[in-house]
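A short worksheet on the structure shown next.
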Amino acid sequence: MGTAPPDTAEGLTPVDAARSLIPLLAAEAVPTEERRALTGTTVTALRRAGLLRLGTPAVYGGHGAGALTAVDVCEELARGCASASWTVGIAYGGALFASQLPHPERETLWRDDPDAVVCGTANPSGTARRTDDGWILSGRWPWISGIHHAPWTLLGFLWPGTGGEPERGMAVVPTSALTVEDTWHMAGMRGTGSDTAVADDVHVPDSRTISLTSMADGAYRRRHPGEPRLTFHLSINLPLVATAVGIAAASLEKVLEAAARGRPALSPLHRLVAEAPAHQLNLADAATLIDTARLHLRRAADETDTHARAGHRPALAERARLRMDAAHAMRCARDAMSLLLDTAGAGSLADGSALQRAWRDIGTASRHAALSVQTSKEIYGRALLGAPLPPSPVI
């Protein structure tokens with residue numbers, strides 16, 4: 001069943017394949033930003049390298065990769081193009097969600113194309129009306145990354161829950177059934193093409209819907225017992241944090257290379273950047289922040305994979321800590337970028353500068369609502385103190 005992975009990756013692991021694409025992605029980064037979506041060259045390269053199928057189940061020719069592999073892949077890709085990295089992370093998360101569906105629906109998604117991207121949002125932005133066999137969706141779902149390259153889109157919606165509280169779910173919809181509005185005009189991450197999906201009375205059968213509560217409880221995992229599938233929401237966010245870590249790591253390399261080439265310090269005390277203690281301390285702090293981000297991120301990914309293989313959802317206190325790991329890693333990467341710009345100087349913020357683009361990209365990415373360090377701190381603090389938390393499937 002399914003299709004074997006392409007041979008154009010020449011037997012490379014997904015991480016090595018991602019590393020091999022860095023020069024191409026870097027060359028495409030400017031046109032990607034200008035067109036506000038990935039270029040055809042970038043999409044073709046990602047497809048040929050097998051990186052759009054990271055989360056596709058192995059039975060359909062995908063990698064069925066764990067979170068740690070996805071994190072390492074996205075960090076490498078971000079060294080070339082942050083938007084390409086983010087889109088691969090979104091495709092990975094979308095595949096994890098969509099793989100909860102019954103076998104016949106998964107066949108429709110991936111039987112003929114393991115690289116078919118599933119993008120989307122879990123935010124219940126639109127409205128849903130019940131029918132005999134499903135739902136009618138209408139409304140607007142803003143800022144869906146990768147929608148220009150995805151034949152399928154996940155749309156979050158609410159339905160009546162058994163306890164009186166609305167239940168959160170998602171519907172898998174053909175992107176061709178939606179209107180895509182050009183709304184993504186942002187300072188950073190411009191190439192993700194995160195435009196708005198509009199649904200006008202789009203019918204979705206029950207077989208293409210996913211309950212976040214049932215997913216968290218492991219109900220869908222029992223459909224596919226041989227697959228280590230996600231049991232909690234964090235799995236889909238970790239590769240997005242890796243994008244920020246990759247941005248910061250690549251920026252550190254650029255600043256160090258400039259110093260090694262003899263960049264002047266523009267200081268009355270020191271001739272070269274490399275000779276100035278202030279810059280030496282600055283770079284040491286930035287490098288340590290990047291290492292800290294990577295350590296927290298990879299720990300969270302490794303523990304997430306452990307729980308996925310075991311087929312259970314970790315306790316609330318551990319989920320809160322894992323969420324804190326991700327948010328702290330994102331903030332560390334952003335803080336490192338700020339320090340690097342202090343050493344690189346005002347010239348690094350000129351139009352056309354790769355460091356300026358990195359600054360804009362990490363500033364935008366790090367403010368994603370799901371990765372808010374303030375919210376994560378509150379959740380973690382409450383969990384540590386045993387204070388009440390809502391029984392939300394996304395915590």
Side-chain angles (χ1 to χ4, degrees), residues 6 8-9 14-15 17-56 62-63 65 70-71 73-95 98 113-121 141-154 174-176 178 180-197 236 239-244 246-247 250 352 354 356-358 360-362 364-365 368:
T8 48
V15 177
R19 191 174 295 122
S20 74
L21 293 183
I22 293 173
L24 180 147
L25 296 180
E28 292 294 305
V30 171
T32 290
E33 183 168 66
E34 290 174 347
R35 73 191 302 265
R36 292 183 296 111
L38 301 186
T39 66
T41 299
T42 292
V43 174
T44 298
L46 293 173
R47 174 181 281 266
R48 287 179 174 173
L51 299 181
L52 296 181
R53 62 177 68 186
L54 274 182
T56 303
H63 291 292
V71 158
V73 164
C74 287
E75 179 179 341
E76 292 297 332
L77 293 175
R79 293 171 183 266
C81 175
S83 292
S85 170
W86 189 272
T87 302
V88 167
I90 291 292
Y92 174 76
D113 184 9
D115 299 298
V117 172
V118 182
C119 65
T121 176
W141 284 260
W143 297 347
I144 299 182
S145 301
I147 193 168
H148 297 282
H149 316 292
W152 300 93
T153 300
L154 286 155
T175 307
S176 59
L178 306 170
V180 179
E181 286 190 1
D182 182 1
T183 57
W184 186 246
H185 298 268
M186 303 292 283
M189 302 300 292
R190 292 175 179 172
T192 60
S194 305
D195 286 320
T196 296
I236 68 165
L240 308 183
V241 181
T243 296
I247 293 170
Q356 191 220 59
R357 184 173 63 250
R360 290 187 284 103
D361 284 345
I362 204 167
T364 302
H368 190 286

Quick one: do Leu21 and Arg48 satisfy side chain to side chain contact (heavy atoms under 4.5 Å, CB included)? Show the steps, please.
CA-CA 11 Å; Leu21 293 183; Arg48 287 179 174 173; over 6 Å; no
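- Proximity of a side-chain donor or acceptor of Thr192 to a complementary backbone N or O of Ser145 within less than 3.5 Å is not detected.
- Here the CG-OG distance, from Leu178 to Ser176, works out to 7.5 Å after rounding to the nearest 0.5 Å.
- With rounding to the nearest 0.5 angstrom, the CH2 atom of Trp141 is 11.5 Å from the OG1 atom of Thr196.
- Pro14 has its side chain within reach of Leu54: a pair of non-hydrogen atoms, C-beta onward, lies under 4.5 Å apart.
- Among all heavy-atom pairs drawn from His148 and Ala37, the shortest one is CD2-CB, 4.4 Å.
- Among all heavy-atom pairs drawn from Ser85 and Ala78, the shortest one is CB-N, 3.5 Å.
- With contacts defined as side-chain heavy-atom distances shorter than 4.5 Å, the pair Thr183/Pro142 does not qualify.
- Residue Thr243 comes nearest to Ala82 through the heavy atom pair CG2-O, 3.6 Å, listed as atom of the first residue, atom of the second, then distance.
- Between Thr364 and Arg190 the shortest side-chain heavy-atom distance does not fall below 4.5 Å.
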From CA spacing to verdict: side chain to side chain contact (heavy atoms under 4.5 Å, CB included), Arg36, Met186
CA-CA 9 Å; Arg36 292 183 296 111; Met186 303 292 283; over 6 Å; no
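- Looking at Trp184, its side chain does come within 3.5 Å of a backbone N or O of Met189 through a donor-acceptor pair.
- Taking 4.5 Å as the limit, every side-chain heavy atom of Ile147 sits out of range of all side-chain heavy atoms of Ser194.
- A distance of 6.5 Å separates CD of Glu33 from CG of Asp361, quoted to the nearest 0.5 Å.
- The two residues Ala116 and Pro151 make their nearest non-hydrogen contact at CB-CG, 3.9 Å.
- Considering only heavy atoms from C-beta on, Tyr92 stays 4.5 Å or farther from Ile236 through its side chain.
- A donor-acceptor contact shorter than 3.5 Å links the side chain of His63 to the backbone of Gly50.
- When side chains are defined from C-beta on, Val118 counts as touching Leu154, because their heavy atoms get closer than 4.5 Å.
- The closest side-chain heavy-atom distance from Leu38 to Leu46 is below 4.5 Å.
- Atom CG of residue Leu52 and atom CD1 of residue Ile90 lie 13.0 Å apart, to the nearest 0.5 angstrom.
- When all heavy atoms are compared, the tightest approach of Ala150 to Cys119 is CB-SG, 3.6 Å.
- Legend: residues meeting salt bridge (Lys or Arg N to Asp or Glu O under 4.0 Å) with Arg79, ordered by chain and number and at least two apart, are Glu75, Glu76, Glu253.
- Across all their heavy atoms, Ala84 and Thr42 have their closest contact at CB-CG2, 4.0 Å.
- Within the 4.5 Å cutoff, no side-chain heavy atoms of Asp195 are placed close to those of Glu181.
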